[in-house]
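For reference, the structure discussed in these notes is given below.
Computed from a predicted model, the values in this text were never measured in an experiment.
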Protein chains: 2
Amino acid sequence: MSGDGEQENSRFEVGGSLSHRVPDLGALELLLAVARLGSLGGAARELGITQPAASSRVRSMERQLGVALVDRSPRGSRLTDAGALVTDWARRIVEAAAAFDAGAQALRDRRDSRLRVAASMTIAEYLLPGWLLALRAGRPDTAVSLLAGNSAAVAERLLADEADLGFVEGLNVPTGLDSVVIAHDHLIVVTAPGHPWARRRRALEASELATTPLILREEGSGTRQVLDAALGGLARPLIELSSTTAVKAAAVSGAGPAVLSELAVGEELAMRRLVSVPVEGISLARDLRAVWPTGHRPVGPARDLLSLTRG
Amino acid sequence: MSGDGEQENSRFEVGGSLSHRVPDLGALELLLAVARLGSLGGAARELGITQPAASSRVRSMERQLGVALVDRSPRGSRLTDAGALVTDWARRIVEAAAAFDAGAQALRDRRDSRLRVAASMTIAEYLLPGWLLALRAGRPDTAVSLLAGNSAAVAERLLADEADLGFVEGLNVPTGLDSVVIAHDHLIVVTAPGHPWARRRRALEASELATTPLILREEGSGTRQVLDAALGGLARPLIELSSTTAVKAAAVSGAGPAVLSELAVGEELAMRRLVSVPVEGISLARDLRAVWPTGHRPVGPARDLLSLTRG
DNA sequence: GCCGCTCATAAAGGCAGCTTATGCCCTCAT
DNA sequence: ATGAGGGCATAAGCTGCCTTTATGAGCGGC
C-alpha cells in the first residue's frame, strides 16, 4: 500500500508463479464448455454449478487475462477472436490434465483392477497416459492399474501373474515372454543451441560420439543399453543421471551433449531449447514392445489396450 | 457415510470434472520445485510461501491422488517412484500452462509493445506460444503483442506499420511483403479409427479425394486454399466449419474424413482418436512463412523471434 | 552435546467462489 | 401487442480452503 512494495510487486511479478496468471483448471473447463455450448448457463448446467457462478468465473478470468473472451448477448454467448485463441491454448492444458488424471487413477488402483499394466519408465511417462485416455473412451468401465519399472521388473510382474500386459523398451525381450513391436523409437544426440555441435554441418561419426564425454542415463537403463550396444560399450559419461528429466535439464543448461529418446525431447526441440545433432554410421533405433508371458496371448481389456497401441 | 449416497458419488464420479481430481497448478508447480530442490521447505521458499503451507499442500495432493509422492526424511525429501512419474505428467500440464501464459500475455498488451506480431490462426494456435516462451527465455524483458487473423489481415497490419513481423500459411505471399520459409506443413487426410478408410491398404488417389464429401474448413481459409489448389478446385464439402477445432471434433465423432494441418492433429493421432490416411499423386504441402514489409528487414526483437523460428 | 537443518501439527485469519434471490433484456409465438 | 422463456448481471450471505504464525520433534555435523 505504501507505494514501493506494491509497485515492485507488480513490476517484477513477471517471474511470479504461473498459478497466479493462469486460470485454474475449473475455469478453463468452463471456458471450453462455453465454447462448445454457446451459453454460459448451459455450460454451468453441464458442470453442475449455477449460472451466476459461471458468469462470475468467466468474468474474473477475463479480468485476470485482461482480454474479453466471450461476447454476451441475450440469446447466448460466443467467443471473441481472442477468446477462440485462448480457448485453444486452454484445451492443451485440459488435455494434459486429462492425461495426468488417467495416469494417476491407474497408479492409485494398485490391486484388483481389471487390467494390470507394467511398463518401463519412458513408456509410462510419455505414451501410457494417452493410451489410457483412448482406452477409457472405448471402454469407460475398465479399471487400470499401472506399475512402472525397468525391463526386469516388468518381466517379473508378468511371470508372477501380477500384471496382464507389459511394455518394455530394451534391446532384447526378457526370457519367458512373447512380444510384439508396437512402435519404433530413436535415440538422438541433443545439445543446447549454444553448443558447437548445434552449428555443425556434417553429421557426427560414431567415433566422435564414442570419444566425447556425454550426459547419459545410468548404466542398466534401456536408453544406456542401446547406446552402449551401438558404440560397442564405449560410451564415455560426462555425468550419469538417473532420470530422463535430469538428463534433459543438464543438456538444456548447456552442460554438454546428451543422448535421449526422441520421445522425451519433442517439446524441447519444438521450442528450440535443445537442438538435435545428426549422427551417421550407427543405428540408435530401438523397438518399443508389448510383452506377455509366453503362450498367454492377451485377452479382454489387455487385448483392447494392445490394439490401441499398434500403429 | 450413510451408505448409498456417498457410494454412488464415488462410483460414478468418473465423469466428474477434472478439476476435482487433478491438483491445481500451484500444487503442481510446488511438486516440480520439490523434485528439483529435494526439500519441501526449499520449494516453499522458492514459491514465496511458508514451509507448513507447502507441507500441507503436498499432503493434500497425496490424499487427493491416493498415492505417496515424496519420501520425507529429517534431511530432505525425495520423490517416490510413483511421485517421479506423477511429477513428469505434472510437468506437461505446467508447460502447457506456461505456453498459455505466454500467449495470453501477448494477447493482452495490444499496443505499445516492443514487438508486435501478426499471425495466422494455425500458427498462433500451435506454434507461437512455444516461440514466445523461447523468446522470453533469451530476452526476458521483451513485451510482445499478438494479433491473429487471416493472411490478408496480417498483410494489412504489416503495411500499416501496426505490426513488426507476420506469419502466414497461405500458398502465396501477399503483395508488398518479403518473406522467408520457416517451416513446412502438410495437410493430411484423417478419419475416426472406425472409418473404412482407416483400414485401407493402398493410398488414396486424388480422384477419390475429389469425389468424396469431406469435412473442411470454410472457403478462403489457408487450409482450404491449399486443398482446392491441389485438387484443382474440386473439393466437395460434406460440412464446412469455421475453425480447426470444429473440424477435428467432427472427424473424431465419425462424421467423415477431414483434411487438416498435421500441426493440428498431432495429439489426436498419437492417442489414436484419429487415423491418418495416406494420399498419393498430389502434394498437400504448404510453406509456413515469416513476412515483413518489402525492404524493411526485421531488426531488434523481431529479428530475435525470426531466428528462433528457423530450423 | 549443541546448533543447524529438516518436517509435522495446531489454531486462527482472510479470501475466493458458490448459492440463493432478484431484475433486465431480448426473442418468439400466440 | 403481449406474455412466456431463455439468457445474462448484480447483490448478499455463507462456506471452505489455503495461508500464516507458533511450536514441537527427529537427525546429523562440528
Side-chain angles (χ1 to χ4, degrees), chain A residues 1 5-6 9-10 13 16-65 68-80 83 90, chain B residues 1 6 9 13 16-65 68-80 83 90:
Chain A
M1 316 283 190
E6 272 282 314
N9 241 347
S10 62
E13 191 94 75
S17 67
L18 284 179
S19 52
H20 296 135
R21 287 175 303 167
V22 177
D24 61 70
L25 281 172
L28 298 179
E29 280 190 284
L30 174 62
L31 182 62
L32 296 187
V34 171
R36 184 156 34 83
L37 301 174
S39 145
L40 288 181
R45 277 191 297 279
E46 180 172 278
L47 299 188
I49 61 177
T50 60
Q51 173 267 319
S55 176
S56 138
R57 208 155 179 185
V58 170
R59 187 167 296 284
S60 73
M61 195 167 14
E62 289 177 314
R63 218 170 344 105
Q64 183 178 22
L65 299 178
L69 298 175
V70 303
D71 265 337
R72 291 122 170 116
S73 90
R75 64 181 175 291
S77 297
R78 289 198 52 72
L79 293 177
T80 62
Chain B
M1 317 290 183
E6 272 282 315
N9 241 347
E13 191 94 74
S17 66
L18 283 179
S19 53
H20 295 136
R21 286 175 304 166
V22 177
D24 61 71
L25 281 173
L28 298 179
E29 281 189 284
L30 174 61
L31 182 61
L32 296 187
V34 171
R36 185 156 35 81
L37 300 174
S39 144
L40 288 181
R45 277 192 297 280
E46 180 171 279
L47 298 186
I49 61 177
T50 59
Q51 173 266 320
S55 176
S56 136
R57 214 159 174 181
V58 170
R59 187 167 296 284
S60 73
M61 194 165 18
E62 290 177 315
R63 222 174 336 111
Q64 185 178 21
L65 299 178
L69 298 175
V70 303
D71 265 338
R72 292 125 170 113
S73 89
R75 64 182 174 289
S77 296
R78 289 196 53 72
L79 293 177
T80 62

Output a table of donor-acceptor pairs, distance under 3.5 Å, between side-chain atoms of residues 47-60 of chain A and any protein atom two or more places apart or on a different chain; print 'none' if there are none.
{"residue": "A:Arg57", "atom": "NH2", "partner": "A:Asp24", "partner atom": "OD1", "Å": "2.5"}
{"residue": "A:Arg57", "atom": "NH2", "partner": "A:Asp24", "partner atom": "OD2", "Å": "3.3"}
{"residue": "A:Ser60", "atom": "OG", "partner": "A:Arg57", "partner atom": "O", "Å": "3.1"}

Between [X] and [N], is there a side-chain N or O to OP1/OP2 distance below 4.0 Å?
X	N	value
B:Ser55	C:dA8	yes
A:Ser77	D:dC8	yes
B:Arg72	C:dT6	no

What integer distance in Å separates [X]:[atom1] from [N]:[atom2]?
X	N	atom1	atom2	value
B:Gln64	D:dG16	CD	C1'	15 Å
B:Leu47	D:dT20	CG	P	11 Å
A:Asp71	C:dC26	CG	P	15 Å
A:Met61	C:dA16	CE	C1'	15 Å

What N/O pairs connect the protein and nucleotides 18-21 of chain C at under 3.5 Å? Give each pair on its own line.
{"residue": "C:dC18", "atom": "OP1", "partner": "A:Arg57", "partner atom": "NH1", "Å": "2.9"}
{"residue": "C:dT19", "atom": "OP2", "partner": "A:Thr50", "partner atom": "N", "Å": "2.8"}
{"residue": "C:dT19", "atom": "OP2", "partner": "A:Thr50", "partner atom": "OG1", "Å": "2.8"}

When the side chains of residues 30-45 of chain B are checked against the rest of the protein, which donor-acceptor pairs come out under 3.5 Å, sequence neighbours left out?
{"residue": "B:Arg36", "atom": "NH1", "partner": "B:Glu46", "partner atom": "OE1", "Å": "3.4"}
{"residue": "B:Arg36", "atom": "NH2", "partner": "B:Glu46", "partner atom": "OE2", "Å": "2.8"}
{"residue": "B:Ser39", "atom": "OG", "partner": "B:Gly41", "partner atom": "N", "Å": "3.3"}
{"residue": "B:Ser39", "atom": "OG", "partner": "B:Gly42", "partner atom": "N", "Å": "2.8"}

B:Ser77 side chain to B:Val70 backbone, donor-acceptor under 3.5 Å: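 Looks like no, no N/O pair under 3.5 Å.
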
B:Glu29 side chain to A:Ser17 backbone, donor-acceptor under 3.5 Å: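 Pair absent, no side-chain N/O of B:Glu29 close to backbone of A:Ser17.
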
Close approaches to DNA chain C from residues 23-40 of chain B, in residue order (heavy atom, under 4.0 Å):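 Output list: B:Ser39, B:Leu40.
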
Atom of B:Leu65, atom of B:Pro23 and distance for their closest heavy-atom approach: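 Result for this residue pair: CD2-CD, 4.2 Å.
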
Exercise: identify the closest heavy-atom pair between B:Thr80 and B:Ala68: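 Heavy-atom minimum between the residues: OG1-O, 2.8 Å.
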
Qualifying salt bridge (charged side-chain N to carboxylate O under 4.0 Å, His left out) pairs, either residue in residues 71-80 of chain A, two or more places apart: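 Listed by first then second residue: A:Glu62-A:Arg72.
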
Strictly under 3.5 Å: I want the nitrogen or oxygen pairs between protein and nucleotides 27-30 of chain D, one per line.
{"residue": "D:dG28", "atom": "OP1", "partner": "B:Arg75", "partner atom": "NH1", "Å": "3.4"}

